Every structure is written in C-alpha cells, then in structure tokens.
Amino acid sequence: MAAEAEHAQGHFPVDPLHQFVVHKIVPLQIGGIDASFTNSSLWMVVVALVVTAFTVLSMGKRAVVPGRFQAAAEMFYEFIFNMVRDNAGHEALRFFPFVFTLFMFIFFSNIIGLFPYAFTVTSHIIVTFTLAITVFLGVTLTGIYLHGFKFFGLFVPSGVPVVLLPLVVAIEVISYISRPISHSVRLFANMLAGHITLEVFAGFVLTFGAMGTVGWLGAILPMAMIVALTALEVLVAALQAYVFAILTCMYLRDAMHPGH
Amino acid sequence: MAQDMAADQGVTTETGVPQEAHSTGFPPFNAQTFSSQIIWLVIVFGVLYVLMSRLALPRIGKVIIDRRDRVARDLEQATLAKQKTDSAIAAYEKALAEARARAHTIAQETRDRLNAETDRKRHETEAALAAKIAEAEASIAKTKASALANVRAVAIEVTGAIVNRLLEDVDKASAERAVDAVLKGN
C-alpha cells in the first residue's frame with residue numbers, strides 16, 4: 001500500500017484505473033487454465049448473495065399486504081415480467097427467470113459497484129461479453145430449435161427489391177452478428193466511463209486538498225461534481241441494466257417470431 | 001507450466017509492485033484475467049439462475065397470483081352480498097306490502113261481516129217486534145171486541161136489574177129495546 005501511494009504521488013494522487021485491477025485472492029488452476037478466486041469473483045458472489053437475500057428473505061412472510069422489501073421485490077418481478085411479456089410475447093415467458101436473473105445480476109453489480117472500495121463486476125468487458133454471447137447463442141439456438149431453417153428468414157426482410165437483396169441480407173447478417181458486441185460494449189463502457197470520471201474528480205479533490213486553505217475552497221467544485229455524478233451513476237446503473245434486459249427481450253422476440 | 005509460474009508471480013508482484021499491474025495495460029483488457037472471470041461468472045450466474053427460477057420467482061409469483069385471486073374473490077363476494085342484500089330488501093318490501101294488503105282485506109271483511117250480522121240481528125229483532133206488536137194489537141182488538149160485547153150483556157143485565165128495581169117485573173124484551181135505543185143514541 002505504501003508503495004502504491006509512492007507510485008501515485010508521481011503524477012496524480014489517484015490512479016483512476018486501479019479500481020479495475022483484478023487480483024487473485026485464492027489462486028486456482030483447473031487443467032492448466034487459471035480459475036483463481038479473484039476480487040471480481042468475490043464481488044460476483046456478493047452480488048448473487050444480495051440478490052438472493054433480497055428476493056428470498058423479503059418474501060419471508062408472503063403477506064397479502066406487502067411490507068417495504070416485499071413490495072420492492074414484487075415490483076422488480078412485475079417490472080421484468082411485463083417487460084418480457086410486452087417486448088418478447090407470451091411464448092417468451094419461459095425465459096422470464098433468465099431475463100430476471102440477468103437484470104438483477106447486472107443491476108445489483110452496477111449499484112454495488114458504486115460503493116467505495118467495491119469492485120464493479122460489469123466494468124470488465126469479458127463479463128458483459130460473456131453475458132451478451134450467452135444471450136446471443138441462447139436466442140439463436142432457440143430460434144433455430146423453434147423454427148428450423150425458417151429462422152434465417154430473419155435476415156431477409158420482406159418487400160425488398162431482388163437487386164438489393166444480397167446487400168440487405170449482408171447488412172442484416174452483419175448487424176445480427178455484431179449484436180453481442182454492441183450489447184456488451186454498451187454496458188461495459190458506461191460502467192467504465194462512469195467510474196473513471198468519478199475517480200478523476202476525486203483525484204482533483206485530493207490535488208486541491210494538498211494545496212492548503214485555498215485548495216480546500218477549490219476542492220468544493222469537484223466535490224459537488226462527484227455528488228452530482230454519483231446521482232447520475234445511480235441512474236446509469238439502473239438504465240443500463242434495463243437496456244441490457246430489454247434488448248435481450250427484443251432479441252428473444254426475433255427468435256420467437258422471425259418473420260418480421 | 002510457465003503460465004503457472006506467471007500466475008503465482010502475479011500475486012506477489014501485484015501486492016508488492018503496482019507497476020506490474022500497469023505493465024499489462026488497461027485492466028479490463030488484461031487477457032490473463034479472462035479465464036477466471038468467465039469461469040466464476042458462469043458458476044455464480046448459474047447458481048443465481050437456479051436460485052431465482054427454483055426458489056425466489058415461484059414464491060413471488062405465487063404471492064402475486066394469490067393476492068390477485070383473493071382480491072377478485074373478495075370483490076365477487078362483495079357483489080354477491082350486495083345482491084343478497086338487495087333481494088332481501090325487495091323480499092321484505094314485498095312481504096310488507098302483502099301484509100299490509102292482507103290486513104286491509106281482513107279489516108274490510110270483518111267490518112263487512114259485522115255489518116251484515118248487525119243488520120241481520122236488527123232485521124230479526126224488528127221482525128220479532130213487529131210480530132209481537134201485531135199479536136198485541138190483535139189481542140187488544142179481541143179484548144176490546146169481547147169487552148164491548150160484555151158491556152152490552154152487562155148493560156142489559158144492569159138495565160134489567162135497575163128497571164126491575166124501579167118498575168118491578170119489566171119484561172126482558174122491552175128492556176132490550178130500551179138499552180139498544182140508548183146505545184144507538186151514543
């Protein structure tokens with residue numbers, strides 16, 4: 001830690017990227033592949049525990065007139081349930097538990113990541129990409145399972161002139177394949193940028209603070225900025241979880257009804 | 001197993017010299033951390049999915065559906081109770097109207113019956129009285145007639161006796177003539 005501080009003093013009081021560093025807590029190797037339990041894994045477990053505690057313990061009483069936590073859990077349930085039903089259709093409701101888990105995992109990762117000293121699981125591209133590719137493969141396989149070869153009709157929009165068809169199909173295929181990339185990068189970039197911005201402003205506060213009395217006054221501005229940004233980040237955390245879930249629902253609708 | 005060595009070194013160097021972390025560049029693009037992150041994400045997300053789909057969501061869904069059913073049932077019961085109340089009120093009002101009508105008829109009947117009876121009794125009494133009056137009148141007439149008849153006989157006898165006392169031996173025929181002349185004169 002002392003070495004870290006020494007290193008940081010060189011150019012900037014805080015290294016805005018340090019919060020994203022993954023370090024091993026329990027080194028582990030499975031068949032030559034690194035499977036170490038890292039701080040990232042730890043916070044994944046924390047997120048899963050919080051989600052489970054929230055959704056299970058809040059329903060402990062199963063009251064007809066719900067308490068605060070039960071009302072919140074029911075609100076999440078109905079919110080995601082309606083989202084899946086309205087965007088993906090009734091047939092897609094069998095994927096409701098998956099979309100719910102996805103939303104809750106991302107939402108709580110984003111929110112918990114905002115706490116100081118916490119690690120934001122979703123600020124790593126590999127995590128969001130794994131989630132996105134799971135959705136992509138799941139949706140594609142579901143589509144092929146339900147509709148067989150007809151699923152590929154998704155790439156052939158109706159009413160397009162035959163001359164333009166090869167071009168349009170190529171564009172459709174490329175846009176379909178790039179879905180997991182846009183899907184994952186959107187969440188990752190939002191989380192990453194938000195946390196870097198917060199850390200940079202925190203660095204300004206420390207820089208000003210080191211200047212003495214005048215600096216203390218100067219630190220008020222970036223401090224106010226941090227407060228405002230934190231509020232914005234709460235919004236972004238919820239919004240990105242929502243966007244991820246609703247895009248999943250829209251991809252699911254394509255798998256259920258490819259004839260658009 | 002050079003990778004193994006590197007992994008072990010990673011732990012020691014990371015805590016000791018932070019530059020080591022930097023040397024791998026931007027942390028989210030550090031490919032060395034990818035495998036462990038994927039593995040743990042799959043494990044944690046899988047467990048969370050099972051917990052949600054098997055434990056949490058069925059419970060929440062059941063509570064919501066139970067509540068919806070219960071509200072619907074309560075509303076239905078309330079509607080039913082209201083219908084019952086309405087029909088009870090209607091039945092009560094009908095019964096009240098019927099009772100009122102019946103009471104009215106009974107009163108009317110009783111009144112009519114009493115009137116008829118009174119009339120009958122009055123007629124009977126009147127008839128009996130009329131009969132008695134007629135009887136009495138008849139007996140009065142008879143008595144009067146007999147009395148008048150007796151008056152003649154007595155008067156003849158008295159007249160005979162008087163005349164006899166006064167004139168001695170007045171024959172009966174002349175006395176009769178004298179009395180009849182007097183009676184006619186009356």
Side-chain angles (χ1 to χ4, degrees), chain A residues 1 3-4 7-8 15 17-24 27-30 32-38 40-42 44-45 47-48 51-52 54-56 58-59 62-66 70 73-74 76-78 81 96-98 100-102 104-105 121 123-127 130-131 134 188 192, chain B residues 1-4 6-22 24-71 74:
Chain A
M1 281 293 164
E4 235 171 286
H7 156 73
D15 176 9
L17 293 182
H18 181 254
Q19 56 180 324
F20 302 113
V21 172
V22 174
H23 59 82
K24 290 170 188 169
L28 209 69
Q29 293 272 328
I30 299 172
I33 300 163
D34 179 31
S36 305
F37 190 80
T38 62
S40 170
S41 323
L42 174 69
M44 285 178 195
V45 172
V47 167
V51 171
T52 309
F54 172 56
T55 51
V56 174
S58 66
M59 299 305 287
R62 301 182 207 196
V64 174
V65 179
Q70 192 187 326
E74 285 180 19
F76 274 108
Y77 180 100
E78 293 200 307
F81 190 90
F96 162 63
F98 176 75
F100 184 83
T101 312
L102 200 61
M104 293 305 263
F105 184 78
V121 176
S123 66
H124 275 250
I125 181 76
I126 189 66
V127 172
T130 306
L131 293 174
T134 309
F188 153 72
L192 186 82
Chain B
M1 296 292 114
Q3 211 179 1
D4 211 332
D8 282 345
Q9 269 175 358
V11 187
T12 50
T13 51
E14 212 165 280
T15 47
V17 188
Q19 278 92 336
E20 191 63 30
H22 259 280
T24 52
F26 189 50
F29 292 155
N30 182 358
Q32 282 175 4
T33 65
F34 282 6
S35 62
S36 76
Q37 288 200 74
I38 292 173
I39 288 164
W40 282 99
L41 176 65
V42 169
I43 293 169
V44 172
F45 193 84
V47 170
L48 186 63
Y49 174 74
V50 172
L51 282 173
M52 289 298 110
S53 60
R54 292 286 145 89
L55 182 65
L57 294 178
R59 279 166 51 141
I60 301 176
K62 195 176 172 299
V63 166
I64 290 172
I65 286 167
D66 281 357
R67 179 183 305 125
R68 206 168 282 164
D69 287 354
R70 187 164 163 181
V71 168
D74 285 1

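This one's a predicted model, so the numbers in the text were calculated from it and none came from an experiment. Per chain, numbering begins at 1; letters A, B, ... match sequence-line order.
Salt bridge status for A:Glu74 with B:Arg68: absent, with no side-chain N to carboxylate O gap under 4.0 Å.
Residue A:Gln29 holds its CD atom at 8.0 Å from OG of B:Ser35, rounded to the nearest 0.5 Å. Distance check: B:Ile39 CD1 to A:Leu28 CG gives 8.5 Å after rounding to the nearest 0.5 Å. Rounded to the nearest 0.5 Å, atoms OG1 (A:Thr52) and CE (B:Met52) are 4.0 Å apart. Atoms CD1 and OG1, on A:Ile126 and B:Thr33 in that order, are 8.0 Å from each other to the nearest 0.5 Å. For the atom pair OG (B:Ser53) and CZ (A:Phe100), the distance works out to 11.0 Å, reported to the nearest 0.5 Å. A distance of 11.0 Å separates CD in B:Gln37 from OG in A:Ser36, rounded to the nearest 0.5 Å.
Interface residue A:Phe20: backbone and side-chain heavy atoms are both found under 4.5 Å from chain B. In this structure, the portion of A:Ser123 lying under 4.5 Å from any heavy atom of chain B is its backbone and not its side chain. For A:Leu192, the part lying under 4.5 angstrom from a heavy atom of chain B is the side chain only. When heavy atoms are compared at a cutoff of 4.5 Å, A:Phe188 approaches chain B solely by way of its side chain, counted from C-beta outward. Contact annotation for B:Leu51: only side-chain heavy atoms (C-beta onward) come within less than 4.5 Å of a heavy atom of chain A. For a residue to count as touching a neighbouring chain, one of its non-hydrogen atoms must lie under 4.5 Å from one of that chain's; by this rule A:Gln19 does not touch chain B.
You'll find the side chain of B:Gln32 stays beyond 4.5 Å of the side chain of A:Asp34, heavy atoms only. Side-chain contact between A:Val121 and B:Val44 is absent, with no heavy-atom pair separated by less than 4.5 Å. Contact of the A:Val127 side chain with the B:Phe45 side chain is not registered, since no non-hydrogen atoms from C-beta on lie closer than 4.5 Å. Contact annotation: the side chain of A:Thr55 never approaches that of B:Arg59 to less than 4.5 Å [non-hydrogen atoms, C-beta and beyond].
Put simply, the side chain of B:Trp40 never gets that close to the backbone of A:Ser40: no donor and acceptor are under 3.5 Å apart.
Only one option out of B:Leu57, B:Ile60, B:Leu55 pairs with A:Met59 in a side-chain contact (heavy atoms from CB on, under 4.5 Å); it is B:Ile60.
Of all heavy-atom pairs spanning A:Thr38 and B:Ser36, the tightest one is CG2-OG, 3.8 Å.
The ring-ring contact (aromatic ring centres under 6.0 Å, His included) check on B:Phe34 picks up nothing, with sequence neighbours excluded.
Interface remark: of the candidates A:Ala73, A:Pro66, A:Pro97, A:Pro97 forms the most heavy-atom pairs closer than 4.5 Å to chain B. Taking chain B as the reference chain and counting heavy-atom pairs below 4.5 Å, the highest number among A:Val56, A:Val47, A:Thr101, A:Val51 is found for A:Thr101.
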